[in-house]
There are 2 protein chains.
Amino acid sequence: MREKRLSITDIARQLGTSTTTVSFVINGKAREKNISQLLIDRVEQLVTELNYHPNALAKSFRTGKTMTIGFIVDEISQPFFSGIAKYIDEKASAFGYNILFSSTKNSKKRGGEVLQVFNERHVDAFIIALPHGLEKEVRAVIASDIPVILFDRYIPGFESDYVLIDNENSAANATRHLIDNGFGKIAFVTIETDQSQMLDRTKGYEKAIHEAGLTPIIKKINYQGKTESVAEIIDFLKQHNEIDAIVFSCNYLTMDGLDAIGQLKLKIGEDIAMVSFDDLELLKYFVPAITAIAQPLEQIADKIMEILMYRLTDNFNKNRIKAVLTTQLEIRDSSLPKIASAGIALKSATIQ
Amino acid sequence: MREKRLSITDIARQLGTSTTTVSFVINGKAREKNISQLLIDRVEQLVTELNYHPNALAKSFRTGKTMTIGFIVDEISQPFFSGIAKYIDEKASAFGYNILFSSTKNSKKRGGEVLQVFNERHVDAFIIALPHGLEKEVRAVIASDIPVILFDRYIPGFESDYVLIDNENSAANATRHLIDNGFGKIAFVTIETDQSQMLDRTKGYEKAIHEAGLTPIIKKINYQGKTESVAEIIDFLKQHNEIDAIVFSCNYLTMDGLDAIGQLKLKIGEDIAMVSFDDLELLKYFVPAITAIAQPLEQIADKIMEILMYRLTDNFNKNRIKAVLTTQLEIRDSSLPKIASAGIALKSATIQ
DNA sequence: TTTATTTGCGTAAACGTTTAAGTAAAAACA
DNA sequence: TGTTTTTACTTAAACGTTTACGCAAATAAA
């Protein structure tokens, strides 16, 4: 069945030349290696005629380059990550690279395994949303001169290339937007974590709140799972019926928050204003449409690939690059100026 | 910098044994090859002591196996595909396989390139949502004894392993659900295509409609892009103001439909009932929550991997497998029993 | 005791590339 | 003219595995 694949030796033999010559022609080094135009033409003709394609495995083995990029994130199905994956694939393909991906499930153990496996497979570079506790392993990768670009979050003091967004200002802007629209009891729902992006978002919220002389109302969820999270948000909203606006600090909290708000039968835009950090594709079709902080997915991917290609071609040990991109506040109806009747309090009676 | 990696020869030399022995021990063939327990222990000890890991590249080159699976879909960022990707990655990792993915953008050309590249990289198997026009290329892959599992859609007459859902019955059930709830002018929005899953869904809708003695109202969109699609749906709804319920035949049409309905200021559940083919994570948080046909992502991935492992271990040329899974109609508030005032018609005056 | 079999290993070739080093002929230079 | 340089190629080693084959010693069978 599986017919013997054509090798460079076959080509060379049929042409009565050496594999060296064929190799040079195929890899575009013919001119610099002084191969005559006649021979170049003959090789190229036979190659296309026989539809010969070099064995990538042998090539990788010999050169150590796999033309593969390892893409490691918490969970590929999260819209933010699959969105980044889409663009990374597009750009990388254009350069002849392919993407090997795997999810860490936010586990140090699983993350370590993936890193190890990808390393053994000799991926040429890594793109990682770094889970906590994996600093040592990643440092080892970087030390072995394999380019690593981190994104979404950073580890303070961790030397690497980064592509991030301006979390603090993004959160602050969103909060100010709510303040400007007349809201005064603005809550911020985040998770109990030391992930930088979350801390920075909280910081941004606090900054805007303090600037305006308001009181912060922060809920930090110790994330165990969706059900518990929703329950915690419901409790939080019940206990703080002064709240008239709420900011959810990431895509999955937005979902849990929508669940909670739904269960409490609160009306977004009437009983409570809302902003989501991360723009999920459907948010704009809600009635009212939900205001969101949109991360520039394509720009992030672009920047990642730009740095990657730089590292892959030039030398490694240059100064580390830290790119910080801005977000776009997509203002929609869930954060329209406060109307007189707004506030959960008025509904409180019905919230049993 | 990049220190010379340990090779099997180093291990053998340090032990005063041969690479053959080390190789056998490492690959668990020691017993069948009659290596003494003493030597096995010594090899294993040194391997862990030196933290030696075989060079996967050399191994792949020698054996022709890459422990890699090619995952090819229209667009990885589509929730359906990234959801499948998540589970495929989970299961495949457990078997020591990794996933190389790329998107075809629904283009025959791009699809052919990806297929070609992945083939040259010697992926051990393919999982493909087959775009049209690529039959010949895929047939060649199958003929070369590389396992290929197709999913999401099938090509009539195309011999391969498939994992599909029961599109016809799923659409029929959803339509019947609307009929049972009192709707009589049910529209079906799909795309102009010859993709099997779309045709089957349409067939299911028609079947249920005819069974009930109703008149089908079908809109086939020649999909050029989001903007055009939304505009076509708006036109369609304006022209058919008798419609009291609508079924969108896939996830992106659901999005476009929500956009159109929003622009027309129609109220879902009041002016028009709605069902989505494909359950997007946020649909259940809409107010009213939107009824959806949910594909069993994990089951699909499970089945794909089951067949794949079977093909990868046993022989290839067994009878082709065609697995058809059932969907779950998630009944929510957007398709509640018809209320007296329902129907776009009543709103028509306002739809300029 | 002789012969056959099993046990326990080692030797060396092969997978398909790339590339350092070498060589003969042609061209340029002195 | 003889010498050097350039042109146009070839030879062969190397990358790190796996595995067919071989062989000696130990054991079993006759």
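Scope of the values below: all heavy atoms of this structure, side chains included, with no hydrogens, waters or symmetry mates. Labels below follow one simple rule: chain letters A, B, ... track the order of the sequence lines, proteins then strands, and each chain is numbered from 1.
Separating the CG atom of B/D10 from the C1' atom of D/dC15 is a distance of 13 Å, rounded to the nearest angstrom. The interatomic distance linking B/I11 (CD1) with D/dT17 (C1') rounds to 13 Å, in whole Å. Taking atom NE2 of residue A/H53 and atom P of nucleotide C/dT17, one finds them 12 Å apart after rounding to whole Å. Between the CG atom of A/L57 and the C1' atom of C/dT18 there is a distance of 15 Å, rounded to whole Å. Nucleotide D/dA14 holds its P atom 17 Å from the CG atom of B/N55, rounded to whole Å. A straight line from CZ of A/R31 to P of D/dT6 spans 17 Å, rounded to a whole angstrom. Distance, B/R121 CZ to C/dT17 C1': 16 Å, rounded to whole Å. Atom pair A/M67:CE and C/dT18:C1' shows a separation of 16 Å (rounding to whole Å applied).
Judged by distance alone, the side chains of B/Q37 and B/D41 do bring a donor and an acceptor atom under 3.5 Å apart.
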ask   = How does each nucleotide of nucleotides 18-26 of chain D score, in 5' to 3' order, for protein heavy atoms under 4.0 Å: base (B), sugar-phosphate only (S), or none (-)?
value = BBB------

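Listed nucleotides: D/dG16, C/dC9, D/dT11. Nearest to the side chain of B/L39: C/dC9.
For the pair A/R110 and B/E90, the salt-bridge criterion is not met [side-chain N within less than 4.0 Å of a carboxylate O]. Using a 4.0 Å cut-off between charged side-chain N and carboxylate O, A/E298 and A/K91 make a salt bridge.
For the pair A/R121 and B/L57, the tightest heavy-atom approach, listed with the atom from each and the gap, is O-CD1, 3.6 Å.
Taking a centre distance below 5.5 Å and an interplanar angle below 30 degrees as the stacking criterion, A/F61 stacks against the six-membered base ring of D/dC15.
Test A/R5, A/K59, A/H53 against B/E120 for side chain to side chain donor-acceptor pair (under 3.5 Å) and you get one pass: A/H53.
Taking only side-chain nitrogens and oxygens, B/Y52 never comes nearer than 4.0 Å to OP1 or OP2 of D/dG16. Side-chain N/O atoms of B/S7 include none lying less than 4.0 angstrom from OP1 or OP2 on D/dG16.
Residue contacts shown for A/N34 include a base, since a base heavy atom lies under 4.0 Å away. Nucleic acid contact class of A/T17 (heavy atoms, under 4.0 Å, all strands): sugar-phosphate only. When heavy atoms are screened at a 4.0 angstrom cut-off, A/S36 is found touching the sugar-phosphate backbone but no base atom.
Classified by interplanar angle (parallel below 30°, tilted 30° to 60°, perpendicular above 60°), the ring pair A/F80/A/F151 is tilted. Taking the six-membered ring where the residue is Trp, B/Y154 and B/Y162 present perpendicular rings, their angle passing 60° and hence far from 30°.
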